[in-house]
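Let me begin by presenting the structure, written as structure tokens, before commenting on it.
Sequential numbering from 1 along the given sequence is applied to the chain's residues.
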Amino acid sequence: QVQLVESGGGSVQPGGSLKLSCAASAYRFIFSIYTMAWYRQAPGKQREMVATITAGKTTEYTDSVKGRFTISRDNAKNTVYLQMNGLKPEDTAVYYCNAESGPRTYWGQGTQVTVSS
């Protein structure tokens, strides 16, 4: 059973920064072949993709976070990160880690990010 465990969420004022981490673990889980992603879901809204990073470290971002968020991965640590700078109230959501390779997809339990003054 693959486990994705997010950490690093919290409350921050507008303009602040947070760094989310997602650690993957499972017997014989080959982290490096998975495309990793961060999604978020705000109250009353659908879950949306925030950022993705492929096995080859190609990245994509939703338009609203470009230039503010950076996704990265450390295959030696089976961990993906999301550095969030210049946070805005509209970034408030539960952030979920996702791992996908072919038909296999896994989700973390989510971590709350709240941006308010």
Side-chain angles (χ1 to χ4, degrees):
Q1 181 71 16
V2 176
Q3 282 193 318
L4 301 178
V5 180
E6 300 102 333
S7 61
S11 295
V12 65
Q13 291 186 340
S17 297
L18 285 173
K19 186 173 184 177
L20 306 183
S21 299
C22 170
S25 62
Y27 178 65
R28 300 180 72 177
F29 178 68
I30 307 173
F31 178 83
S32 62
I33 71 172
Y34 281 76
T35 290
M36 301 300 297
W38 288 96
Y39 286 73
R40 66 186 179 187
Q41 188 167 18
K45 294 188 176 181
Q46 289 189 331
R47 190 174 296 190
E48 67 168 345
M49 186 276 290
V50 176
T52 65
I53 184 166
T54 67
K57 298 190 176 180
T58 298
T59 59
E60 287 190 23
Y61 300 90
T62 191
D63 286 346
S64 62
V65 308
K66 286 180 180 176
R68 299 189 297 124
F69 291 10
T70 303
I71 188 170
S72 61
R73 64 191 299 161
D74 184 337
N75 291 337
K77 295 183 178 180
N78 285 6
T79 300
V80 63
Y81 305 97
L82 186 67
Q83 177 67 48
M84 305 186 294
N85 298 327
L87 283 161
K88 304 176 180 180
E90 51 263 44
D91 295 318
T92 295
V94 177
Y95 284 70
Y96 296 91
C97 177
N98 171 267
E100 186 172 303
S101 178
R104 298 181 297 272
T105 186
Y106 306 101
W107 291 92
Q109 82 288 350
T111 185
Q112 177 70 45
V113 171
T114 302
V115 185
S116 70
S117 54

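- The two atoms that bring S17 and G86 nearest to each other are OG-N, 4.4 Å, heavy atoms only.
- Counting all heavy atoms, side chain and backbone alike, K45 lies closest to Q41 at O-NE2, 3.1 Å.
- In the hydrophobic clustering of ILVMFWY residues, with side-chain heavy atoms under 4.5 Å counting as a link, F29 and V5 come out apart.
- Using modelled atom types, no side-chain atom of E6 and backbone atom of C22 make a donor-acceptor pair closer than 3.5 Å.
- Taking every heavy atom of both residues into account, A24 and L4 meet most closely at CB-CD2, 3.4 Å.
- If you take OH on Y81 and CZ on R73, they are separated by 11.5 Å, rounding to the nearest 0.5 Å.
- In this structure, T111 contributes its side chain and S7 its backbone to no donor-acceptor pair below 3.5 Å.
- R68 places a side-chain heavy atom less than 4.5 Å from the side chain of K88.
- The line from OH of Y61 to CE of M49 is 10.5 Å long, rounded to the nearest 0.5 Å.
- You'll find the side chain of P14 reaches within 4.5 Å of the side chain of P89, heavy atoms only.
- Atom CZ of F31 and atom NZ of K77 lie 12.0 Å apart (nearest 0.5 Å).
- Between D74 and T79, the side chains place no donor N or O within less than 3.5 Å of an acceptor N or O (distance only, hydrogens not considered).
- For the atom pair I30 CD1 and N75 CG, the distance stands at 11.5 Å (nearest 0.5 Å).
- Taking a 6.0 Å sphere around CD of E90, one finds it holds more than 12 heavy atoms contributed by other residues, nucleotides or ligands.
- A 4.5 Å side-chain heavy-atom check between R40 and D91 finds at least one atom pair inside the cut-off.
- Residues A93 and A42 share a closest heavy-atom pair of CB-N, 3.8 Å.
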(request) Please assess W107 against Y39 for the test ring-ring contact (aromatic ring centres under 6.0 Å, His included), listing each intermediate value before the final yes or no. (result) CA-CA 10 Å; W107 291 92; Y39 286 73; 4.9 Å; yes
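- With W38 as the partner, the side chain to side chain contact (heavy atoms under 4.5 Å, CB included) test is satisfied by one option alone out of I71, T52, T62: I71.
- A distance-only check finds no donor-acceptor pair linking the side chain of Y106 to the backbone of C97 [under 3.5 Å].
- The distance from atom NZ of K19 to atom OG of S72, rounded to the nearest 0.5 Å, is 5.5 Å.
- Counting heavy atoms from C-beta outward, V113 and L20 have side chains that approach closer than 4.5 Å.
- With hydrogens and angles disregarded, no donor-acceptor distance shorter than 3.5 Å links the side chain of R104 to the backbone of A99.
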(message) I'd like to know whether D63 forms a salt bridge (charged side-chain N to carboxylate O under 4.0 Å, His left out) with K66, so could you lay out the CA-CA distance, the side-chain angles of the two residues, the decisive distance to 0.1 Å, and finally the verdict.
(response) CA-CA 5 Å; D63 286 346; K66 286 180 180 176; 2.9 Å; yes
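- Once rounded to the nearest 0.5 Å, the distance linking CD1 of I53 with CG of L82 reads 10.5 Å.
- A 6.0 Å sphere centred on CD of Q3 holds no more than 12 heavy atoms belonging to other residues, nucleotides or ligands.
- Atom CD of E48 sits in a crowded spot, with more than 12 heavy atoms from other residues, nucleotides or ligands closer than 6.0 Å.
- Taking hydrophobic clusters as Ile, Leu, Val, Met, Phe, Trp and Tyr residues chained together by side-chain heavy-atom distances below 4.5 Å, Y96 does not share a cluster with V2.
- Each of M36 and V94 belongs to its own hydrophobic cluster when Ile, Leu, Val, Met, Phe, Trp and Tyr are linked at side-chain heavy-atom distances under 4.5 angstrom.
- Between the side chains of N98 and T105, at least one donor N or O sits under 3.5 Å from an acceptor N or O.
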